[in-house]
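The block underneath contains the structure these notes are about, expressed in structure tokens.
All values below were derived from every heavy atom in this structure, side-chain atoms included, with hydrogens, water molecules and symmetry-related copies excluded. Convention: sequence-line order gives letters A, B, ...; per-chain numbering from 1.
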2 protein chains.
Amino acid sequence: MPVSPKTKPADSSARQRLIEATAKVMREEGYAAATSRRVATEAGVKQALVYYYFPTMDDLYVEVLRSGAEASLANMRAALTDNDPLRTLWLINSDLRMTGLNTEFMALANHRKAIRAELKAYAERVRDIETAAVTVALRTAGVDVEEYPPVAVSMIIAQIARSLCNESAVGVTLGHEELRAFMKRQLDLFAGPTSDD
Amino acid sequence: MPVSPKTKPADSSARQRLIEATAKVMREEGYAAATSRRVATEAGVKQALVYYYFPTMDDLYVEVLRSGAEASLANMRAALTDNDPLRTLWLINSDLRMTGLNTEFMALANHRKAIRAELKAYAERVRDIETAAVTVALRTAGVDVEEYPPVAVSMIIAQIARSLCNESAVGVTLGHEELRAFMKRQLDLFAGPTSDD
DNA sequence: GTCTATACGACGATAGAC
DNA sequence: GTCTATCGTCGTATAGAC
């Protein structure tokens with residue numbers, strides 16, 4: 001292990017660059033474009049090196065998913081311990097930077113066993129964290145958790161936010177304003193109104 | 001035009017078979033597997049014939065989307081004029097047969113202009129129909145449409161149902177039971193309880 | 001650890017026979 | 001309308017030099 005760096009070079013090894021390059025290509029052109037030649041060029045290395053680090057392209061895809069999930073989980077854990085978990089949950093799942101890659105992995109997971117397993121594990125860890133945060137928030141607000149099960153509430157908030165992002169990504173925005181306003185009103189009811197908008 | 005057939009051969013021309021074969025391959029193996037050779041074999045014709053009917057593979061994909069959308073819209077229009085539009089809306093969007101293809105086209109639409117345009121047009125027609133049905137249902141139930149805008153209600157019902165399907169497809173089911181039960185209770189509030197289930 | 005070189009199948013697309 | 005044949009490119013993956 002080398003000495004720990006001072007400014008976080010984010011491990012700029014070829015392996016790391018390949019992972020980031022693959023994520024970029026998948027985001028911008030779809031998983032089918034993330035070929036060994038394409039990602040190698042993007043990472044500034046030769047094609048054969050891809051197979052030195054990853055036995056098959058699927059292994060590389062899994063690694064992209066894994067590293068993205070790890071970063072996302074850390075971010076989520078930190079954000080959901082703040083003082084407004086419900087709205088934070090909404091905002092995190094409204095992040096447009098994640099939706100493209102998510103869609104690619106969803107499609108991939110429908111057809112590749114290894115990716116399906118990885119995505120399932122990640123999704124359930126996320127759900128656990130989000131549900132824990134919602135449980136606290138609802139209890140604090142004095143909401144009846146029999147009538148509003150935390151896991152159901154957290155899924156509705158997260159999935160509706162994601163749906164809006166997914167649709168926006170393909171240019172569909174019909175009804176979005178009304179739905180956003182509606183969700184905001186519901187969040188105000190559950191978590192108390194806020195000054196910002 | 002030939003005489004109308006008695007048992008609905010569903011236009012078994014090569015062109016039609018190619019469209020169906022492409023949908024099948026996309027559903028089972030993803031859009032990247034829907035190559036000209038693959039779909040030709042599946043349809044029982046030779047590869048070059050694909051280019052007789054469709055100038056490029058993208059044109060074929062668009063045609064798959066268009067024909068699926070047309071069938072789906074007809075189905076939806078009929079179903080949503082029945083006497084329980086809210087629960088019908090929920091059931092239609094819970095159809096597992098559609099989710100796989102939907103995910104593929106969502107991913108494709110993120111990267112191909114022609115498919116994005118087609119998907120957007122389809123999604124907005126669906127939203128219009130669903131919202132119209134919800135508007136009637138809410139008015140009948142005496143719901144305040146200022147507090148519950150029909151387009152927001154229809155989006156929540158449709159998108160939550162779809163989210164559950166998408167997750168099920170990749171093996172994620174954590175929290176699904178609770179969310180289904182919760183949604184059923186809300187639908188009972190808006191549309192009156194039913195005897196079944 | 002990174003490279004050059006190569007095997008070989010599959011890709012989209014076209015030309016032209018029937 | 002459907003076929004055979006072919007073009008040039010690109011795909012995954014491996015062997016082996018440095």
Handout entry: Qualifying residues under salt bridge (Lys or Arg N to Asp or Glu O under 4.0 Å), relative to Arg125(A), sequence neighbours excluded
Key = Glu70(A)
Exercise for the section: Without swapping roles, check the side chain of Lys120(B) against the backbone of Gly171(A) for a donor-acceptor pair under 3.5 Å. Expected result: yes
Exercise for the section: Keeping the roles fixed (side chain from Ser72(A), backbone from Gly68(A)), state whether a donor-acceptor pair exists under 3.5 Å. Expected result: no
Handout entry: Sequence-distant partners of Glu177(A), salt bridge (Lys or Arg N to Asp or Glu O under 4.0 Å), two or more places apart
Key = none
Exercise for the section: May I ask you to say whether Glu63(A) pairs ionically with Arg66(A), meaning some side-chain N is under 4.0 Å from a carboxylate O? Expected result: yes
Exercise for the section: Identify, with sequence neighbours excluded, every residue that meets side chain to side chain donor-acceptor pair (under 3.5 Å) alongside Asn75(A). Expected result: none
Practice task
Any pair with a residue in residues 58-87 of chain A that passes ring pair (Phe, Tyr, Trp, His ring centres under 6.0 Å), sequence neighbours left out, goes on the list, sorted by first then second residue, please.
Solution key: none
Completion exercise
Sorted by chain and residue number, the side chain to side chain donor-acceptor pair (under 3.5 Å) partners of Arg87(B) (sequence neighbours excluded) come out as Asp84(B), Asp188(B)
Handout entry: Global bending angle along the helix from dG1(C)-dC18(D) to dC18(C)-dG1(D), which compares the axes of five pairs at either end, to 10 degrees
Key = 10°
Handout entry: Partner set under side chain to side chain donor-acceptor pair (under 3.5 Å) for Arg37(A), not counting sequence neighbours
Key = none
Handout entry: All side chain to side chain contact (heavy atoms under 4.5 Å, CB included) counterparts of Ile92(A), not counting sequence neighbours
Key = Met76(A), Ala79(A), Thr88(A)
Exercise for the section: Let me see the working for Phe54(A) and Leu18(A) under side-chain contact (heavy atoms from CB on, under 4.5 Å), right down to the final yes or no. Expected result: CA-CA 10 Å; Phe54(A) 308 96; Leu18(A) 279 170; 4.3 Å; yes
Practice task
State which residues pass side chain to side chain donor-acceptor pair (under 3.5 Å) with Arg38(A); sequence neighbours excluded, sorted by chain then number.
Solution key: Glu29(A), Glu42(A)
Handout entry: Residues Glu104(A), Arg27(A); criterion salt bridge (charged side-chain N to carboxylate O under 4.0 Å, His left out); working and verdict
Key = CA-CA 8 Å; Glu104(A) 295 302 322; Arg27(A) 213 180 297 114; over 6 Å; no
Practice task
Whole angstrom is fine here: how far is it from CG in Leu60(A) over to P in dG11(D)?
Solution key: 14 Å
Exercise for the section: Residues of residues 47-54 of chain A with any non-hydrogen atom less than 4.0 angstrom from an atom of DNA chain C: list those, numerically ordered, please. Expected result: Ala48(A), Leu49(A), Tyr52(A), Tyr53(A)
Practice task
Enumerate the residues from residues 104-116 of chain A whose closest heavy atom to DNA chain C is under 4.0 Å, giving them by residue number; use none for an empty result.
Solution key: none
Problem - Sub-4.0 Å heavy-atom contacts from residues 27-38 of chain B onto DNA chain C, ordered by number - result: Thr35(B), Ser36(B), Arg37(B)
Problem - d(CD, Gln16(A); P, dT2(C)) in whole Å - result: 13 Å
